[in-house]
Amino acid sequence: MINYRLCSGPRDSLRRTDEKKQMLNNNKTYISKLKNNVGEEVTLNGWLYNSRASGKIQFLIIRDGTGLCQCIAEKGKVSEQLFDELKHLGQESSLMVTGVVRADERSLGGFELTVTDAQIISVTTDYPITPKSHGIDFLLKNRHLHLRSQRQWCIGKIRHTVIDAIRRFFNDNGFTLIDTPIFTAMAAEGEQTLFEADYFGTPMHLTQTGQLHLEAAAMSFGRVYCFGPTFRAEKSKTRRHLTEFWMVEPEVAFIELDGLLELAENFVSFIAAQVLQNNRGELETLDADIAALEKIKPPFYRLSYTEAVDILTGQKTKDFLDKQLEQVKTEKKQIETKISELEHKSASGGLKQWQKDKIAAELIELRSELAEVNTKIENNPKHAKLAAEFQWGKDLGGSDETIISQMHDKPVFVTHYPKQAKAFYMKTDRDNEKVVLNFDLLAPAGFGEIIGGSVREDDYDLLLERIKEQGLNIENYNWYLDLRKYGSVPHGGFGLGVERTVAWLTGEPHIRQCIAFPRLMDKVYI
Ligand code: ATP
Ligand code: MN
């Protein structure tokens, strides 16, 4: 039998807590909506992001999923007990805070809360990720928690806008969404990057692109797109490659190369404009180059592959790389000076703990910048050599793309690559049999390729020849060849990588930060 008398104490206090929560929830709002409540008392539900006490005042930075807000608790204005609880509350504790909204230009997000009451929901102690810097390996291992950081949050919000813009652009321009399969027997992008899958005893793999199936759909719907995860067993660790990434691919019947370039530049400009419109605050927090994004409007630059090779092997590239080396060396000196100043300061003593922590965090940051600068200095002559000795016929390498892209302030199309360097389905240029009608779009400022696209070979015999040349199993491609047998038309499309686009727009150097749970060649963390 239950002894009610024994239970009544805790039950009462539980009821009181529930009532209080209910009461607080009556005027619940979100940080992103505070502008509607200036002068009013509201409640925020969130987590303690950071806090600092200064005598009789506590500054609590609260995050609630929609933003950050500084909440100020003053001794005497809240109960003694609450003031004390808040003072010892650990980072990432969850709570409900009630207070009066004040507009303040200088404040984070433009608004502050003068705390009148609070309800602590769950106390956290020893949260492993502190506001000071941590190594990337540690952060990836703790990705489930690191997602709460301001940087990851800003990137996630921008990624959301990019994906929304992608869908909007195609939906508003007469494209039909077609979902293409993930299990496939086809190898459109070379057999080296296939992930094997055992499909009830039949060898299959995870798709590298939806394009081939999409071509079939384009012959039914005219203009189509697919959007989903894509898999490539990339065997090199670069900042531009994941093994699982999201790609959107439009495919259009009755289109030539010029039409595709126009579609791509309108599309990318639309994405950039949407991010500028919806995520200015996030871009600012990330220190992204907003002025550069404002320039992303059609027309983009256009270079043929052959022109790109001439640039790479010419004097212009040599001068450019020499100048860059000088700049990086100057930067290195500046970083070294700052490091020694800070080391000196921290050794001098008489500092408060928070000052020491701040210096330690800055030093971690500066040392990682120094390592980056050293890599640049090391790579410069290697990249210069690769560029100078570039042979017509090879695919452009990562460093070659970086150089071309660094020389431009807007995205640049590189078109007409040598046939031998490209996929079997690309259409041979009838005016120059050595090249195909394709393009890569390189994002500016050194970011590199975000789109690859082409007009597709629409001649049955030429396509068959290319499939045979590649040693692909014809049986798997018979249906694809059929498309050239029954009402073949000029058609083409392209693929844009979501993570690379987000990395470029946010100025994030590594694409692993541009997806919530990255899959990398050497490791899947969580
Ligand atoms: P790269 O030469 O840089 O490996 P790719 O030529 O293999 O790229 P495509 O096959 O043209 O790339 O794919 C279209 C787009 O998909 C690329 O422009 C890029 O944005 C994205 N993409 C390709 N591979 C990856 C990857 N491993 N990780 C993330 N994005 C990728
Ligand atoms: Mn690739």
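Everything quoted here is computed from the prediction, not taken from an experiment.
- A salt bridge is defined here as a Lys NZ or Arg NE, NH1 or NH2 lying under 4.0 Å from an Asp or Glu carboxylate O, and Glu92 with Arg63 meets this definition.
- Inspection of the Gln315 and Asp319 side chains reveals an N or O donor paired with an N or O acceptor under 3.5 Å.
- Looking only at atom types and distance, the side chain of Thr124 has no donor-acceptor partner in the side chain of Gln91 under 3.5 Å away.
- One N or O on the side chain of Thr66 and one on the backbone of Ser32 form a donor-acceptor pair closer than 3.5 Å.
- For the residue pair Asn279 and Thr161, a side-chain donor N or O sits within less than 3.5 Å of a side-chain acceptor on the partner.
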| message | salt bridge (Lys or Arg N to Asp or Glu O under 4.0 Å), that's the test. Do Arg367 and Glu343 meet it? Break it down for me. | response | CA-CA 12 Å; Arg367 290 201 185 103; Glu343 281 173 342; 2.8 Å; yes

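- Distance alone, capped at 3.5 Å, is enough to place a donor-acceptor pair between the Thr184 side chain and the Met186 backbone.
- For the pair Thr428 (side chain) and Val436 (backbone), a donor-acceptor distance under 3.5 Å is absent.
- The aromatic rings of Tyr305 and Trp392 stand perpendicular to each other, their planes meeting at an angle above 60°, with 30° marking the opposite boundary.
- The pair Glu294-Arg280 counts as a salt bridge, with a side-chain nitrogen and a carboxylate oxygen less than 4.0 angstrom apart.
- Between Leu442 and Ser405, the shortest heavy-atom distance links the atoms CB-CB, 4.1 Å.
- In the model, Tyr225 has no side-chain atom that pairs as donor or acceptor with a side-chain atom of Asn173 under 3.5 Å.
- Pairing each heavy atom of Gly210 with each of Cys226, the nearest pair is CA-SG, 4.1 Å.
- Side chains of Arg143 and Gln513: a donor on one and an acceptor on the other come within 3.5 Å.
- Smallest separation of non-hydrogen atoms from Ile62 and Gly46: CG2-CA, 4.2 Å.
- Within 6.0 Å of NZ on Lys338 lie no more than 12 heavy atoms contributed by other residues, nucleotides or ligands.
- Screening Asp440, Thr306, Asn438 against Tyr417 for a side-chain hydrogen bond (donor to acceptor under 3.5 Å, both in side chains) leaves a single residue, Asp440.
- To the nearest 0.5 Å, the span separating CZ on Phe320 from CD1 on Ile403 amounts to 8.0 Å.
- Of the inter-residue distances, the one linking Ser368 atom OG with Ile335 atom CD1 reads 9.0 Å to the nearest 0.5 angstrom.
- Below 30°, between 30° and 60°, or above 60°: for Phe494 and Phe267 the angle between ring planes is between 30° and 60°, a tilted geometry.
- Geometrically, Arg52 engages Phe59 in a cation-pi contact, judged by NZ or CZ lying under 6.0 Å from the ring centre and within 45° of the ring axis.
- Sparse packing is recorded around NZ of Lys333, with 12 or fewer heavy atoms of other residues, nucleotides or ligands lying under 6.0 Å away.
- No donor-acceptor contact under 3.5 angstrom links the side chains of Glu191 and Gln470, judged on distance only.
- For the residue pair Arg240 and Thr402, a side-chain donor N or O sits within less than 3.5 Å of a side-chain acceptor on the partner.
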| query | Under the side chain to side chain contact (heavy atoms under 4.5 Å, CB included) criterion, do Val498 and Phe245 qualify, and how do the steps go? | reply | CA-CA 7 Å; Val498 168; Phe245 62 97; over 6 Å; no

| field | Derivation of the side chain to side chain contact (heavy atoms under 4.5 Å, CB included) call for Phe413 and Ile451 | value | CA-CA 9 Å; Phe413 288 114; Ile451 291 185; over 6 Å; no

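- Summarising the geometry, atom CG belonging to Asn380 is positioned 11.0 Å from atom CD belonging to Gln327; distances are rounded to the nearest 0.5 Å.
- Taking CG of Leu496 as the reference point, atom CH2 of Trp246 lies at 14.0 Å (rounded to 0.5 Å).
- Identified under the salt bridge (Lys or Arg N to Asp or Glu O under 4.0 Å) test for residues 155-165, with sequence neighbours left out: Arg159-Glu499, Asp164-Arg168.
- Here the straight-line distance linking atom CG of Leu34 with atom SG of Cys69 works out to 5.5 Å at 0.5 Å rounding.
- A cation-pi contact, defined as under 6.0 Å to the ring centre and within 45° of the axis, is absent between Arg167 and Phe175.
- The minimum heavy-atom distance linking Leu260 with Ile255 is given by the pair N-CD1, 3.7 Å.
- Ser54 contributes no side-chain N or O that, together with a main-chain N or O of Ile57, makes up a donor-acceptor pair within less than 3.5 Å.
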| query | Could you go step by step and tell me if Leu48 and Leu60 meet the side chain to side chain contact (heavy atoms under 4.5 Å, CB included) rule? | reply | CA-CA 7 Å; Leu48 184 63; Leu60 311 163; 3.8 Å; yes

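- With respect to Arg151 and Glu508, a salt bridge is recorded, a charged nitrogen being found less than 4.0 Å from a carboxylate O.
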| request: Apply side chain to side chain contact (heavy atoms under 4.5 Å, CB included) to Arg456 and Tyr425, showing your working. | output: CA-CA 6 Å; Arg456 321 305 187 186; Tyr425 54 73; 3.6 Å; yes

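- For Phe231 and Phe195, the ring centers are positioned 6.0 Å apart or more.
- In Lys345, the NZ atom is not crowded: 12 or fewer heavy atoms of neighbouring residues, nucleotides or ligands sit closer than 6.0 Å.
- Judged by distance alone, the side chain of Asp289 and the main-chain N or O of Ala292 form a donor-acceptor pair under 3.5 Å.
- Not one N or O on the side chain of Ser93 forms a donor-acceptor pair closer than 3.5 Å with the backbone of Leu89.
- Between Phe270 and Phe169, the angle of the ring planes lies from 30° to 60°, which puts this pair in the tilted group.
- Arg232 places a side-chain N or O within 3.5 Å of a backbone atom of Gln208 that can act as its donor or acceptor partner.
- Closest heavy-atom contact between Lys237 and Asp522: CD-OD2, 3.7 Å.
- Once rounded to the nearest 0.5 Å, the distance linking CD of Glu282 with NE2 of His160 reads 11.0 Å.
- Between Thr207 and Pro229, the shortest heavy-atom contact is CG2-O, 4.2 Å.
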| task | In sequence, state the C-alpha distance, the side-chain angles, and the governing distance for Glu389 and Lys394, and then conclude on salt bridge (Lys or Arg N to Asp or Glu O under 4.0 Å). | result | CA-CA 11 Å; Glu389 292 172 2; Lys394 287 193 312 176; over 6 Å; no

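- Distance alone, capped at 3.5 Å, places no donor-acceptor pair between the Ser107 side chain and the Gly110 backbone.
- Under the 3.5 Å distance criterion, with hydrogens and angles disregarded, no donor-acceptor pair is assigned to the side chains of Glu244 and Thr230.
- No donor-acceptor pair closer than 3.5 Å links the side chain of His408 to the backbone N or O of Lys410.
- Side chain of Arg500 to main chain of Glu449: a donor-acceptor pair is present (N/O by atom type, distance under 3.5 Å, no hydrogens or angles).
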